[in-house]
Each structure stands twice: as C-alpha cells, then as structure tokens.
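One structure is given here, and the rest of the page talks about it.
Residue numbers start from 1 in every chain, and the chains themselves are labelled A, B, ... in the order their sequence lines are given, proteins ahead of strands.
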Amino acid sequence: MKQSEFFVPTLKETPADATIPSHQLMLRAGLVRPLASGIFSFLPMGFRVLNKVINIIRDEMNSIGGQEFLLPALNPIEIWEQTGRVEAMGDVMFHIKNREGLVLAPTHEEIITYHARQHVKSYRDMPQIWYQIQTKFRNEPRPKSGVLRGRQFIMKDAYSLDTSWEGLDLSYEKHYEAYKAIFNKCGIKFFDVGASSGAMGGSKSQEFMVESDSGEDTCAISDAGYAANIEVATSNLQPVGRIDQDLPLEKFATPNAKTIDDLIEQYNIPEHRCAKSVVYMADESPVLIFMRGNDELNESKLQSVLGTANVRAAVSEELIQFTGADHGSIGPINLKSKIKIIADNLLKDANGMVSGANEDGFHYKNIDFVRDTSISDYHDLRTVQAGEPCPISGQALRVVKAIELGHIFKLGTKYSVALGANYLDSEGKEHPIIMGSYGIGVERVMACYIEQHHDEKGIIWSSPLTPFHAHLIGINEPKFPEVKAAAEGIYADLVKAGFDVLYDDRDESPGIKFNDADLIGLPFQIIVGNKNLKDGNIEVKDRQTGDRKVISISSVITEIQEFYK
RNA sequence: CGGGGUGUAGCGCAGUCCGGUUAGCGCACCUGGUUUGGGACCAGGGGGCCGGGGGUUCGAAUCCCUCCACCCCGACCA
C-alpha cells in the first residue's frame, strides 16, 4: 500500500480529550476517530489491527470446536422479558423509539438459548460451543478512556451447551486455555482472577485482567501467582488473638474521641486492640459489624455473607435507635436493642479490646469477645490493603487497577430454564441445557496492547497484531529518481514475497516520515535514501529496539524473513 | 444521576474577568520558489453562525438566562 494513497491521518499534537496513552496514540496514529461519546469509527489502519485481533480469537475459538454465528443486533424485547433482563439491564439497554418491541442487543445469551431451544433437543446434540464476534450496544452511564468503555463495541462472546456439570467444567476449561492462548498470542501481559458473576447469574467465573492505571477494577496480586479481585481478595494477616492479662471490663470517658485514630492518640491504645463498629442495614434489618482498628469493610464480602445485595450503611438516627449511641461510641456491650452481630475473622476470640460503650462519649476497655459479647459468626469481611502478606507466598501483595479483557462464567441453567431450553437424556427424561458464557472485549485487547507497547515516539507493534509487516520509506524521492526506483523495486519484491508493506512515497521531508513511521509503529522500517543507495545499500530499523543497520538492497528479503522468523 | 472543567478555523490554544477596529497565534491546508537522513525556509493565499437559542446594550466571543455537546472525578458497570 502506497502511503500517498492510504488514509492514515496522523496528528502531531495530542488531542486534548484523550488522557490515556492508548487513546492518545490511537487518535494520533490515525487508527480511530470519535463520532460521539463512547462511539468510534475505525479507520483503515485501525481496522487492520482489529481484524488481526479478531482472527487470532477466531482461530483459537475454532480450535476448541467453536462454531461462529452471525446474530442480529436487533432483538425482540419479548425474549428479554422472559429472562427478566429488560429490568435487570435497565437504562443500559437501548430501546428503539419508533419501533416498539425492538431493542439493541447488549449481549446474546437469550438469542443463543432461543436457538438452542429450537434445535438442541437430545443429549446426542451436545456438547456445543457457539460464538460470535459482533457489535454490542450498551448505553453506558459514562463512556470513558477511548475505546476501553464505549456505547457500542465489538465483543467475542461464546456459549457452551452441555448435558452435565462435568461437561460444563470441560467446556469452561477449554475456554480458559483458549483465552490464555489468545492473550499470549497478542503479546499482552495479563492475569486472571476469580470474580463474582454480577448480573450474569451463574456460579464460577474468572476475569482476565491487564494491570493498568486506566483500569476500572481493583485487584490484589503477588508475584507468587496470587491474583484476586479486591471484592474477594484475602491476605495472610494473623488474628489479633488474646493477651495474657484478663482484666475486668472497664468503662471510661472519651469525650473527644470520635474515631479510632482519636482513641489511639488520646488514650495511647495500640491500634490492633481497637475494635471498630459499623452498623449496616441488610434488607432493612440492622447488623452490627466489628472490624479490627482501621480496617475497611468490604461491602461485596458483606453481601455474600448476608446473602443479599441490598445493604447500606445505617444513618445516625438508626444508630441511636438500635445501639443507643451515634458514630464513634458504638460497641458490643449494652446494646439498646438485640441485633445481629458479626465480626471479622481477625477479631476471633480476641480479648483486651477497646470499643464503644453505646453511650456517646464513653468506651469500654478490656473487652473479651468470648466473655463479654454475643458474637456468633466470624467472617472475612475486610478489604485487603497493599503490602499485606500474600496467602500463597507471604510476600507483600500489590493492589493494582486493572482492565477486564475477558470474562468466563459457568452460567448453569439460568437461561435455559427461563426460556425452556430442555433436552432429553438417554432415558427420555427432560433436563435444562447447562450453559457457559465467555466474553472478550475486542477493542480492549487492541487498546491494552498499546498501553503495554508504546514509547514516547508512538506505538510499537509486534508481528501478530501489526497492520503491516514493514514500513518502506523513500527519502527525498522527487530529487532522486533512483531512490524512488529502488524503493518501488523493493516494494514489489516484498509484496511478491508475501509481506504487507506500507510504502511512504509521499513528498514529505525525512523528519516527517521518520516521526510518522515511529508513531504508527510498524515493527520493521526500511529506509531508502540517496546516501546509502550510492553504495547499493539501504537501512533497516527495528522499531522495538531502535537498532539500525545498513544492508545491501539484495538482502532485504532475507533480512525481513529473518526478522519475522 | 451528583461534582468539576471545556466549547473560538481540521488540530492545539490566546482573547472572555473589565463589552467597543475587520477575532488572533502556532501547526495543518492551497499557490510559487528555495530546500531535503529525524517534524525546513521565503512570499502569497483560503478557511470562523466565537456550541445552539433567547435576553441586556447604541454595540456581545466577552454580561444574563437556557439548552446542547465533549472531557475528568464519583455513582454505576458481564
């Protein structure tokens, strides 16, 4: 492809709206252009990369027996009503205004299940893996970070159909391996974490994450291989335990202590002997929760312990109503009303503790959780902090932001039951099909690659994703016809040898061409200039390392073949 | 949806407080010439409903009201 005829509008300046490297570079290198908030056009260069990603995904999906579908983006709303997801999706789902009854599909579980119901009637018809690579529509409340969170985006989603939970395990495992292969092939450093399945329903799920400050998820990871979403992450911190002194309970005045830090400072109490109290309303019933010192309550863990997502912190009036005191003076002793009390594992059977007296301005010391309280249940309720020991190795955990690239779930029978997708087993008995669901954000793969592979000059593509194999640059062609002739000859030879080449034949100054080439970031640059050509030579440059060498024209093909070997 | 910010040429911005020439600068673009191995130079030129609407005023990019768009933080999020 001659660059003079190729639409790749590069930008010298960084657009003001872009704040993260991948977004800035995708705009500057002429890969995409925004159309509206969260909506992007892929320009020819960007589309080439996107197709590379798609083909890698397609190959891996096919290799585990996946069969590719083309499914409608326009869906009848009835089918979504049958699974209750019109309500669950809420404003995220786009509704067609001038055609009642049609919605834009935000995902495709329903449609896949619909077709499975029609035709997958026997245990002999399974297992199946069905997938699609298509545009999804989600009315995101806040599109951001370029293509990382858009209102329309391409997703590869796959669905497995099985007759047994063991079969589902196998399908799930196949996807797990395929996903690792996909991201490795793309050259992306990633990790996977166990996750909660959220609105998707189902049981086990794992997310494939890329560490990035631009990420929207938070994970705790260690070099030993531990990785977990902060919602479920744990550490190897030891319980505060018991002290030898077993003194009687003692109330003391703490008029100016509203926080744990106040207590520590004013009364010289060690932080780990302070028990912090939090009151939450779970389905509108009060729960008193004890945490160590300044630990942070993890609402996700609380939700799963209490078995409801409907939790909120209690307000002052409720605190006084149920405990007798306001913030800062709540504790396990002398509660005004009998309410459920749970505590974090780290406080299990602790004594010598300080906590509120349920009377404003007073605390108790020497509290023995065994002797003085009626705490029945201890759970992991706290949010892990950076630096705590890894549960596997004991080394310090890192808490990082991460971008979710892919998610695999064991869906189970949620959709097959809702839509009546049943099959007959070998004994003629009817069962719901057991399903899995497996997604990858295609644009995210592209953006994450760029986040991980760029320098101050621009993008650095590598072989699997690069839009062209080589950037052939003719220096000052108008003045030196022999340069143009040589470059055209090399171009023809490379194309004949099967390489995709972008040939910069534009009448631009060398500086502009070099900087554009580094910005666009093709892995292999071939520079044809009068200087070297006099000796029958050209220069090649490795974009990644910046290494250059002067070689003879005749060895260009061998050189590039070596480079891509 | 809450908080903050920004809308002036294709891009990046100044001008807005404190109203007053023909709205400016850099890059990009067009013409001619000189240049040419890391974003050249000279000369000439084109391009603006100053986000939209309404108001105040002799006069509005500038003041007031209102709507819209975009970005950031939060909420939310397979």
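Base pairing of B/A75 is not made with any nucleotide, judged by Watson-Crick or G-U wobble geometry with both donor-acceptor distances under 3.5 Å. Base pairing of B/G59: no nucleotide in any strand meets the Watson-Crick or G-U wobble criterion (both distances under 3.5 Å). Remark: B/U16 base-pairs with no nucleotide in the shown strands. Criterion, Watson-Crick or G-U wobble with two distances under 3.5 Å. With both pairing distances under 3.5 Å, B/A43 is matched to B/U31 as a Watson-Crick or G-U wobble pair. Figure legend. B/C70 is base-paired to B/G5; pairs are counted as Watson-Crick or G-U wobble with both atom distances under 3.5 Å.
Within the 3.5 Å criterion, the main-chain N or O of A/Asp542 finds no donor-acceptor partner in the side chain of A/Gln525. For the pair A/Gln134 (side chain) and A/Leu71 (backbone), a donor-acceptor distance under 3.5 Å is present. A donor-acceptor pair is defined here as one N or O able to donate and one able to accept, closer than 3.5 Å; no such pair exists between the side chain of A/Asp295 and the backbone of A/Met291. Between the A/Asn515 side chain and the A/Gly511 main chain, a donor and an acceptor come within less than 3.5 Å of each other.
Between the CD atom of A/Glu456 and the P atom of B/G38 there is a distance of 17 Å, given to the nearest Å. Here B/G38 presents its C1' atom at 14 Å from CZ of A/Arg506, a figure rounded to the nearest Å. Residue A/Leu11 contributes atom CG, which lies 19 Å from atom P of B/G39 at whole-angstrom precision. Rounded to whole Å, the distance from CG on A/Leu43 to P on B/G10 is 18 Å. Spacing between atom CG of A/Asp455 and atom C1' of B/G38 amounts to 14 Å, rounded to whole angstrom units. When the P atom of B/C1 is taken as reference, atom CG of A/Asp91 falls 9 Å away, rounded to whole Å. The CG-P distance, from A/Asp507 to B/C30, rounds to 11 Å in whole Å. One interatomic measurement links the two molecules: CD of A/Glu140 to P of B/C72, which rounds to 13 Å at whole-angstrom precision.
With hydrogens and angles ignored, a donor-acceptor pair under 3.5 angstrom links the side chain of A/Asp518 to the base of B/G38. At a cut-off of 3.5 angstrom, the base of B/G39 holds no donor-acceptor pair with the side chain of A/Glu508. For A/Asn476 against B/G37, a side-chain-to-base donor-acceptor contact under 3.5 Å is absent.
Distance noted for atom P between B/C42 and B/C27: 9 Å (whole Å). Look at the P atom in both B/G48 and B/G4: the space between them is 36 Å, to the nearest Å. Using C1' as the reference atom, B/G38 and B/A60 are 47 Å apart when rounded to the nearest Å. Taking atom C1' on both nucleotides, B/C67 is separated from B/C13 by 26 Å, rounded to a whole Å. Rounded to whole Å, the separation between the C1' atoms of B/C11 and B/G59 comes to 33 Å. If you take atom P in B/C50 and the same atom in B/U34, they sit 41 Å apart, rounded to whole Å. Taking the P atoms as reference points, B/U62 lies 16 Å from B/U6, given to the whole Å. Going from the C1' atom of B/G19 to that of B/C64 covers 13 Å, rounded to whole Å.
With A/Glu211 as the fixed residue, the side-chain hydrogen bond (donor to acceptor under 3.5 Å, both in side chains) test singles out one of A/Gln452, A/Lys401, A/Arg398: A/Arg398.
Using a 4.0 Å heavy-atom cutoff across all strands shown, A/Asp516 reaches at least one base atom of the nucleic acid. Looking at heavy-atom distances under 4.0 Å, A/Asn515 makes contact with a base. Here A/Pro141 lies in heavy-atom contact (under 4.0 Å) with a base. Residue A/Arg28 is classed as a base contact, given a heavy-atom separation below 4.0 Å to a base. Residue-level contact check: A/Ser145 touches the backbone only, with heavy atoms under 4.0 Å from sugar-phosphate atoms and none from bases. Residue contacts for A/Glu404: at a heavy-atom cut-off of 4.0 Å it reaches the sugar-phosphate backbone alone, with no base atom in range. Note on A/Ile512: a base of the nucleic acid sits closer than 4.0 angstrom, heavy atoms only. Among the heavy atoms of the strands, none lies under 4.0 Å from A/Gly439.
Distances shown here put every side-chain N or O of A/Thr19 at or beyond 4.0 Å from the OP1 or OP2 atom of B/C71. An OP1 or OP2 oxygen of B/U36 is reached within less than 4.0 angstrom by no side-chain nitrogen or oxygen of A/Ser509. Of the side-chain N and O atoms in A/Lys531, none sit less than 4.0 angstrom from OP1 or OP2 of B/G37. Taking only side-chain nitrogens and oxygens, A/Arg142 comes nearer than 4.0 Å to OP1 or OP2 of B/C73.
Within 6.0 Å of CZ on A/Phe94 lie more than 12 heavy atoms contributed by other residues, nucleotides or ligands.
By the 6.0 Å and 45° rule, A/Arg48 stacks over the aromatic ring of A/Phe468.
Classification of A/Arg85 and A/Glu110 as a salt-bridged pair holds, one side-chain N sitting under 4.0 Å from a carboxylate O.
Toward the 5' end of RNA chain B, the nearer of the two residues A/Phe514 and A/Asp217, judged by each one's closest nucleotide, is A/Phe514. Mapped onto RNA chain B by nearest heavy atom, A/Asp17 and A/Glu13 fall at different nucleotides, with A/Glu13 at the one closer to the 5' end.
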